[in-house]
*Asks:* 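Next up is a structure, given as structure tokens.
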Amino acid sequence: MSARILDGREVAEAVRAEVAERVAALAKQGKVPGLATVLVGDDPASHVYVRSKRRLAEKVGINSLHFELDTDATQDEVESLVLRLNADPAVDGILVQLPLPGDLDDKRVTSLIDPNKDADGLHPYNLGLLALERAVLVPCTPQGVMRILSHYGINPTGMRAVIVGRSFLVGRPLSMLLAAKGTDATVTTAHSRTPDIAAVAREADILVAAVGVPGLIGRDAVKPGATVIDVGINRTEQGLVGDVAFDEVREVAGAITPVPGGVGPMTVAMLMRNTVAAAERSMG
Ligand code: GUN
């Protein structure tokens with residue numbers, strides 16, 4: 001048996017259409033949403049990600065404002081830029097691409113973003129609302145994973161979900177979303193200090209890999225018929241690969257997201273969704 005492919009590009013397209021409609025409704029009120037992207041340094045992957053975010057913004061009618069700082073930018077320079085964007089009424093959403101280079105403090109910068117403009121949903125206030133199940137701006141990648149599941153009619157209620165990875169960007173917020181009332185998965189978070197990750201992962205009806213280790217999840221880590229969501233995007237000599245050994249896992253899984261073309265496009269689509277939500281709220 002070969003797993004059903006969960007096509008993130010198809011789901012992202014549906015989100016894009018929905019966002020474009022909401023942008024058009026705002027335009028009727030004279031409002032064009034603005035997304036400010038901030039890129040510090042010269043990490044090639046970050047440049048690729050930010051370019052795709054800017055491109056999609058323009059495509060759905062969101063005004064893209066872009067700011068670049070050198071690798072040797074100081075903490076003060078990054079923070080001053082964020083404060084300036086907080087005060088700019090043309091900016092509804094702010095995205096500071098992570099990780100920041102060198103000794104720059106990601107968490108400090110993220111905490112300075114106006115929570116109402118936090119298009120990434122990573123500000124402590126928004127993560128706090130997520131813990132309270134009252135979030136408006138939900139982190140993009142976890143939100144994208146949830147949307148893939150709902151699009152394909154995979155209902156987590158009563159399922160065992162195992163998330164491999166406990167990052168603030170993905171693993172932690174996703175564990176809250178999957179365990180939330182109304183979603184009701186039973187969630188386990190595994191990480192680098194978990195003994196025998198494969199044994200834990202094999203218990204999952206929904207298995208999410210979000211660690212950044214190419215091919216970490218092999219077929220021995222997957223329960224037959226499980227839904228496997230691969231959040232990893234690893235640049236290797238073989239090209240872009242996920243955290244899941246796709247070719248072997250697709251033989252046992254019931255459904256699986258590919259890399260590329262799985263979760264990646266969803267992260268970008270959900271950033272647009274958050275930006276529009278922030279712009280709608282700014283209109284009252
Ligand atoms: N780096 C990798 N993923 C993300 C993301 O979703 N948001 C930001 N700001 N940086 C990232």
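Since the model is a prediction, treat every value here as computed from it, not as a measurement. Start at 1 and go down the list; that is how both ligands and their atoms are numbered.
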*Asks:* When you look at CZ of F67, are more than 12 heavy atoms from neighbouring residues, nucleotides or ligands closer to it than 6.0 Å?
*Replies:* yes

*Asks:* What residue and heavy atom of the protein are closest to atom 3 (N) of ligand 1, and at what distance?
*Replies:*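 Answer for atom 3 (N) of ligand 1: L169 CD2, 3.5 Å.
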
*Asks:* Does P99 have any side chain to side chain contact (heavy atoms under 4.5 Å, CB included) partners at least two apart in sequence or in another chain, and if so, which?
*Replies:*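 P99 satisfies side chain to side chain contact (heavy atoms under 4.5 Å, CB included) with D106 only.
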
*Asks:* Is it the case that ligand 1 has an N or O less than 3.5 angstrom from some N or O of Y49?
*Replies:* no

*Asks:* Of the protein's non-hydrogen atoms, which lies at the shortest distance from atom 11 (C) of ligand 1, and what is that distance?
*Replies:* Q97 NE2, 3.4 Å

*Asks:* In plain terms, say whether R108 and E79 are close enough for a salt bridge, that is, a side-chain N and a carboxylate O under 4.0 Å apart.
*Replies:* yes

*Asks:* Near L98, which atoms of ligand 1 are under 4.0 Å from a heavy atom of that residue?
*Replies:* 1 (N), 2 (C), 8 (C), 9 (N), 10 (N), 11 (C)

*Asks:* Kindly compute the distance separating OG1 (T188) from CD1 (I163), expressed to the nearest 0.5 Å.
*Replies:* 9.0 Å

*Asks:* Measuring from L26:CG to E280:CD, what's the distance to the nearest 0.5 Å?
*Replies:* 5.0 Å

*Asks:* Checking the N or O distance criterion of under 3.5 Å, is ligand 1 in contact with V96?
*Replies:*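 N/O-N/O distance below 3.5 Å exists for this pair.
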
*Asks:* Residues in side chain to side chain contact (heavy atoms under 4.5 Å, CB included) with L83, at least two apart?
*Replies:*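 For L83, the residues satisfying side chain to side chain contact (heavy atoms under 4.5 Å, CB included) (neighbours in sequence not counted) are N86, L112.
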
*Asks:* Among all protein heavy atoms in this structure, tell me which lies nearest to atom 8 (C) of ligand 1, with the distance rounded to 0.1 Å.
*Replies:*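 The protein heavy atom lying closest is D120 OD2, 3.2 Å.
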
*Asks:* Hey, is ligand 1 close enough to T267 that some N/O pair sits below 3.5 Å?
*Replies:*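 Checking ligand 1 against T267, no N or O pair falls under 3.5 Å apart.
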
